[in-house]
Structure formats: structure tokens, C-alpha cells
Amino acid sequence: MEKTDILSLELPELEAALEAVGEKKFRAKQIYQWLHVKRIFDFDKMTDLSVQLRARLKEIFCVNGLFVQKKLESSIDNTVKYLYRLSDGNYVETVLMEYSYGHSICVSTQVGCKMGCRFCASAIAGFVRSLTPSEILMQIYETERNSGVKVSGVVLMGIGEPMDNFDNVVKFLRILSDGKGNNFSLRHVSLSTCGIVPRIYELADMKLQLTLCISLHSSDNNSRSEIMPVNRTYNIQELLGACRYYIEKTGRRVTFEYAVISGVNSSDADADRLSDLLRGMNCHVNLIPVNKVRERNYRTASTAVADFAKRLGKRGINATVRRTLGSDIEAACGQLRRDAAKQNQEKGGADA
Ligand code: SAH
């Protein structure tokens with residue numbers, strides 16, 4: 001019998017799994033607390049369970065751990081980047097960032113990505129598979145354990161498109177925020193998407209209190225389709241319609257991410273079109289200097305971000321400039337994984 005991945009189970013599912021093998025349902029709560037509160041993943045150490053039950057748990061369940069393959073620490077701003085090896089030999093990246101108010105963690109949701117955004121290193125490395133809820137969760141648990149830091153913010157902005165792994169991401173969010181377990185407030189979670197419109201509606205209807213971030217990167221359909229192929233399926237107007245619905249349903253402000261790329265989306269006309277699109281919306285624009293990706297020569301001219309922000313501000317659109325973190329450790333998503341995958345391939349290992 002294949003073992004069940006215990007960290008991907010919500011409490012009622014764990015109860016059902018125990019009952020199905022003739023164990024007492026109430027034990028589930030104890031086990032769930034060992035896992036998500038005490039962060040003990042070795043059944044033998046769950047000392048308030050009988051030795052027989054511990055042996056039984058080992059037969060039924062497995063814990064898919066993550067292993068630190070590489071850890072890079074920025075000497076500029078204390079950003080730490082982890083390359084984690086998954087139990088099947090694939091890799092994902094997780095970044096721990098320090099802010100004045102605490103630490104935030106950026107987690108991956110897939111091994112690679114199908115979305116093909118032109119400026120993104122994850123797209124270049126290709127798609128392998130989606131992560132399980134436990135693999136997303138364990139990036140947080142393992143990073144907290146390894147670093148000794150308690151994170152106060154979680155962003156789903158690592159490798160992968162969260163809305164392309166919707167069910168597992170939602171399950172991850174439920175387990176992360178479960179009051180009977182880890183109890184992390186979704187108000188401190190941001191989910192970033194390139195704009196898979198039907199999933200935005202679905203998420204809105206769940207009325208979770210998380211922050212929705214939209215990778216917009218252009219205010220013009222032709223140029224957005226050029227750099228983000230997803231726009232050919234769901235254009236800017238459809239995307240903004242879904243965002244309005246999200247705001248109406250959840251009462252939450254939406255964030256638009258915009259990497260200012262010289263010669264692509266950085267002109268005054270681009271800024272003016274963007275402000276016309278967003279006027280009246282409960283939103284915020286986060287401007288990002290583009291991260292260098294080896295295979296592409298996208299760049300941001302030195303004053304381009306500030307100029308763009310000023311232009312938006314004059315037209316009443318609230319914009320902030322995202323601080324560049326970890327610039328000395330290749331913190332742009334996907335670059336480490338791609339290198340590791342390449343090396344592994346040369347050796348004939350896993351990962352495409
Ligand atoms: N797939 C999701 C989340 C992962 S990407 C999404 O598209 O939102 C996280 C953010 O980093 C997105 O806003 C993405 O557009 C941005 N990003 C990717 N590559 C970048 C680069 N080279 N420079 C700046 N931002 C980049």
C-alpha cells in the first residue's frame with residue numbers, strides 16, 4: 001500500500017484516515033499538533049501516543065521532507081536563498097527576506113512553470129510538476145527550523161504559477177492557517193498570479209483574507225501578450241474585471257506588480273494608460289526594477305522606475321518601488337534550480 005503524505009492532510013482528512021484503519025479519531029488532533037505546532041515529523045518522538053500506534057502510523061503515513069541542497073546568504077541585506085531538494089530529486093527555491101517589521105518568506109508552488117513569461121528565469125527552465133500542499137508548507141517549516149527565524153509574512157511568488165496548482169495551493173493555505181494547527185493569519189499571505197482569470201473568480205468566492213497580487217507588467221494588450229503569453233487567453237480587461245470582483249467579494253485591496261523594462265513598458269504613454277485602467281480601483285502598484293536573467297537582455301534604466309512612479313502619482317495612482325533584495329545571490333526566481341537541474345541532467349539524475 002502506498003503511504004499517505006500526512007502533511008498534506010487537513011485535520012478532518014487525518015481523522016478519516018485514522019478511522020479507516022480502525023484507530024481512534026481523537027488521536028488525529030494530537031498528531032496534527034505534533035506536526036503543525038511542535039513541528040515534530042518523526043512518529044517515534046510523538047511520546048503521548050502508544051508505541052503500537054506510532055508503529056502503525058509509520059506503516060500508513062510518510063512525511064515528505066525537504067533537504068537543503070544549497071544555502072546562499074546575502075552579505076548586503078541578510079536575504080537567504082535556499083535550494084531545496086524534494087524527495088523525488090527535483091529542486092525548488094525558497095527565499096527568506098528581512099524587513100524592518102519582520103521576516104517574509106517567498107515560496108515556490110511548482111517545479112518550473114508553464115506560463116512562459118519572457119522575462120522570467122523559471123519559464124526558461126521549463127515545467128516538471130506541481131508541488132503537493134506538504135511541499136509548499138515544508139518550505140516554511142524547514143526554513144524556520146534551519147534559520148531559527150519565525151516568519152511573519154508568506155508570499156507565493158517563487159517558482160511556479162499558484163493558480164495553475166489551485167487545489168493544492170488552497171489546501172496549503174487551509175493547513176497553514178488552521179486554528180487547530182499552525183494558525184498563521186492569511187492576512188499576512190500574498191498570492192501572486194500572472195492572471196488565470198477563472199481561478200481569480202473561484203478564489204474570490206472563497207473569501208479568504210489574503211492579498212491578491214497580479215503580475216500585470218503592461219497596460220497594453222499587444223505588448224502584454226508579447227511578454228506574457230497568458231494574456232492571449234485572458235486579456236487585460238478580463239483580468240481587471242476579475243480583480244474588481246475579487247475586491248468586491250473580499251473587501252481586500254489588490255496589488256499590481258509591474259517590472260519596469262526599458263523599451264518595453266516604461267514610457268509616459270505606458271504609465272498614463274496604466275493610470276486610466278486602474279483609476280477608481282482599490283489597488284496599489286508595486287514597481288520592480290527587472291531582475292537580470294542571463295538568457296535575456298531586459299534591463300531597467302537607472303531613473304526609469306522613479307520616473308514611472310512619479311508619473312503614476314501625478315495621476316492619482318498609488319505606487320511604491322520594491323526594494324531589490326539579495327542582488328548578490330541570484331535571488332531572481334528560478335536561476336538556482338535551473339543550474340542544479342542542468343548539472344543533475346549531466347549526471348543523469350532527476351529533474352528535466
Ligand atoms: N507565477 C506567479 C508567481 C511567480 S513570479 C506570477 O506570475 O505572479 C513572482 C513575480 O516575479 C511576478 O510578478 C513575476 O512577474 C516577477 N518576475 C519574474 N521574473 C522577473 C524578473 N526577471 N524581474 C522582475 N520580476 C520578475
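These numbers come from a predicted model, not from an experiment. Numbering of ligands and ligand atoms starts at 1, following listing order.
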task = Look at the rings of Tyr245 and Tyr201 and say which category their plane angle falls in: under 30° parallel, 30 to 60° tilted, over 60° perpendicular.
result = tilted
request  = Please name the residue in the list Lys70, Lys81, Lys71 that meets the salt bridge (Lys or Arg N to Asp or Glu O under 4.0 Å) test with Glu93.
outcome  = Lys81
query = Does Ile214 approach ligand 1 within less than 4.0 angstrom via side chain, backbone, both or neither, non-hydrogen atoms only?
reply = neither
key: Arg199 to Phe166, cation-pi by 6.0 Å centre distance and 45° axis angle   = yes
For Ser215, atoms of ligand 1 separated by under 4.0 Å from a heavy atom = 6 (C), 7 (O), 8 (O), 12 (C), 13 (O), 14 (C), 15 (O)
Parallel, tilted or perpendicular, as decided by the 30° and 60° cut-offs, for the rings of His36 and Tyr32 = tilted
ask   = Is the closest heavy-atom distance from His217 to ligand 1 below 4.0 Å?
value = yes
message = Tell me whether Gly160 has any N or O atom under 3.5 angstrom from an N or O of ligand 1.
response = yes
request  = Give a yes or no on whether the ring-centroid distance for Tyr258 and Phe308 is below 6.0 angstrom.
outcome  = yes
task = Kindly identify the option in Lys114, Gln110, Glu161 whose heavy atom sits closest to atom 1 (N) of ligand 1.
result = Glu161
message = Tell me whether Val293 has any N or O atom under 3.5 angstrom from an N or O of ligand 1.
response = no
key: Centroid-centroid distance, His217 to Phe119, less than 6.0 Å   = yes
request  = Show which atoms of ligand 1 fall inside a sub-4.0 Å distance from at least one heavy-atom site of Cys120.
outcome  = 18 (C), 19 (N)
ask   = With a 4.0 Å cut-off on heavy atoms, is Gly158 touching ligand 1?
value = yes
request  = Please list, chain by chain and in numerical order, all residues satisfying side-chain hydrogen bond (donor to acceptor under 3.5 Å, both in side chains) with Asp48, sequence neighbours excluded.
outcome  = Gln30, Trp34
inquiry  = So if I count the atoms of ligand 1 from 1 in the order they appear, which ones are less than 4.0 Å from some heavy atom of Cys194?
reply    = 6 (C), 7 (O), 8 (O)
